[in-house]
Amino acid sequence: MKPELLFEEYREGVLECLHFGTACVVDEAGVKASVGQPDWLCYYRSASKPVQALPVLVRGLHKKYGLTEEETAIFSGSHWGDADHVRVLESILEKTGLREADMVMLPTYPNRPARREELLRRNLPPRKIYHNCAGKHLALMLLARELGENVPDYWRRESRTQAEVREMIAYMSDTPQDQIRVGVDGCGVPVFAVPFWRIAQAYLRLSCPELIGDGDVRCAVEENVARLHRYPNMIAGHDVVDTVITANPDLIAKSGAMGVYAIGIRSKRLGVAFKTADGSHDEFAASAIEALTQLGVAPETVEALRKLYPDTIVNDNREIVGRRKAVFRLV
């Protein structure tokens, strides 16, 4: 990894922090522009979720169990534990007969501070479905059942379930399976590493499914991305970066842990990926704002992001004490 400078942070005009990383833009021919080293090996983290959901959708398991579009959409998301997310996850459990106890992660509280504080005030216990990856886990559990495997073993990397997911990662990233590295994600399931620019390529294909040769996969992507546009709250949550971007039917976006961010842009036929080298998440919105602005895309989405995520830095008293400045160029 050979990161380059992406962001500077100033406090009272004094340069205080530097954030290095890698960014790239791809089109159908390959890497169109890059900052840093676009071919270094990078874990998708949760940016893989719209890809990892595809084996379930190709097999039509959402239809088999009568799941609604809203329920199916959360398979691709990292939810923030809002009331709608809990309602949807509980409905999936009821319709499918899956057991919350079989999910591999430990019980926790939601990502959204207000929801977490509400549950604590009410003395309610943590739950596994409050974990932001719960939708992905339920999808994998359905796949394990369909493949005749022991459902609680869905997370094992040697399982057929994870083999199908890895095949889909390889296909959508156009990366030979023997070049994919496998680790363990924060939620306990396998996580996949591919050459960094291949993450952007997968998002190009998500946004332009006509580039996908396999008809079943192409149909699943078309339906799923359209579903996410109709229910963007399921990919993250109200006022969260992924949801704000994916509400625009020209875009599809997903964050991943440790500073990974990916966007597909249909009108420009481009895929974009970012990774902050220090793993910071604070630059997700700033990266998206800068990329969309430089590429001349979705000004209304950029404006919505600027209002929610201004470039100002505030202290504990909510005073503006500094600013973040993007210094990279993708065009």
Side-chain angles (χ1 to χ4, degrees), residues 44 46-100 102-103 128-147 151 154 161-162 164-165 167-169 171-172 187 189 202-203 205-207 209 212 214-238 240 242-243 245-249 251-256 262 264 266:
Y44 263 93
S46 284
S48 68
K49 286 177 179 174
V51 177
Q52 284 186 276
L54 293 176
V56 172
L57 306 179
V58 167
R59 288 177 174 272
L61 301 187
H62 55 307
K63 298 175 182 178
K64 179 176 180 177
Y65 292 97
L67 302 183
T68 66
E69 286 200 330
E70 186 181 29
E71 291 162 353
T72 306
I74 207 168
F75 290 162
S76 300
S78 296
H79 77 82
W80 275 51
D82 295 335
D84 282 348
H85 299 138
V86 175
R87 169 182 57 79
V88 163
L89 292 164
E90 288 182 333
S91 179
I92 294 172
L93 288 169
E94 181 178 358
K95 289 180 178 180
T96 62
L98 294 173
R99 300 194 319 147
E100 186 173 351
D102 289 338
M103 301 170 81
K128 293 187 175 187
I129 62 168
Y130 292 157
H131 194 287
N132 71 307
C133 294
K136 175 183 72 177
H137 284 249
L138 293 181
L140 293 171
M141 291 163 74
L142 282 181
L143 182 58
R145 177 194 283 170
E146 187 71 10
L147 294 172
V151 172
Y154 71 94
T161 300
Q162 293 300 328
E164 283 214 2
V165 172
E167 288 173 8
M168 188 61 72
I169 293 286
Y171 182 70
M172 290 294 290
C187 59
V189 299
Y203 273 74
R205 292 176 172 181
L206 288 173
S207 62
I212 299 171
D214 185 293
D216 292 336
V217 176
R218 181 171 62 250
C219 182
V221 169
E222 289 172 344
E223 293 179 355
N224 196 45
V225 173
R227 187 182 296 123
L228 292 169
H229 288 147
R230 288 191 286 271
Y231 295 95
N233 194 52
M234 291 297 110
I235 203 167
H238 179 66
V240 182
D242 301 349
T243 289
I245 296 176
T246 303
N248 186 323
L251 308 172
I252 175 75
K254 184 70 185 71
S255 61
R266 177 160 183 78

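Just so it is clear, the model here is predicted, and its values are computed rather than measured.
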- Task: Apply the test side-chain contact (heavy atoms from CB on, under 4.5 Å) to residues Y171 and L54: give CA-CA distance (whole Å), side-chain angles for both, the deciding distance (0.1 Å), then the verdict.
- Result: CA-CA 11 Å; Y171 182 70; L54 293 176; over 6 Å; no
- Task: Before giving the answer on side-chain contact (heavy atoms from CB on, under 4.5 Å), spell out for V240 and W80 the whole-Å C-alpha distance, their side-chain angles and the decisive distance to 0.1 Å.
- Result: CA-CA 9 Å; V240 182; W80 275 51; 3.7 Å; yes
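A donor-acceptor pair under 3.5 Å links the side-chain atoms of T68 to the main chain of E71, judged by distance alone. A donor-acceptor contact shorter than 3.5 Å is absent between the side chain of Y65 and the backbone of L142. Between the side chain of T246 and the backbone N or O of A253 there is at least one donor-acceptor pair closer than 3.5 Å. With K128 contributing its side chain and M103 its backbone, the two residues share a donor-acceptor pair below 3.5 Å. In this structure, the side chain of H79 does not engage the main chain of L89 through any donor-acceptor pair within 3.5 Å. No donor-acceptor pair under 3.5 Å is formed between the side chain of E146 and the backbone N or O of L61. The closest donor-acceptor contact from the side chain of Y203 to the backbone of A47 lies under 3.5 Å.
Across A220 and V58, no two heavy atoms sit closer than the pair CB-CG2, 3.8 Å.
Residue pairs meeting the side-chain hydrogen bond (donor to acceptor under 3.5 Å, both in side chains) criterion with at least one member in residues 53-62, sequence neighbours excluded: R59-E164.
Evaluation of the side-chain hydrogen bond (donor to acceptor under 3.5 Å, both in side chains) rule for S76 yields N224 as partners, not counting sequence neighbours. Shown here are the side-chain hydrogen bond (donor to acceptor under 3.5 Å, both in side chains) partners of E167, two or more places apart in sequence or in another chain: there are none.
For T243 and N233, the side-chain atoms include no donor-acceptor pair closer than 3.5 Å. K254 and S46 share no side-chain donor-acceptor pair at under 3.5 Å. H85 and Y130 form no side-chain donor-acceptor contact under 3.5 Å, judged by distance and modelled atom types alone.
The residues E70 and R230 are annotated as not salt-bridged, no charged nitrogen and carboxylate oxygen being separated by less than 4.0 angstrom.
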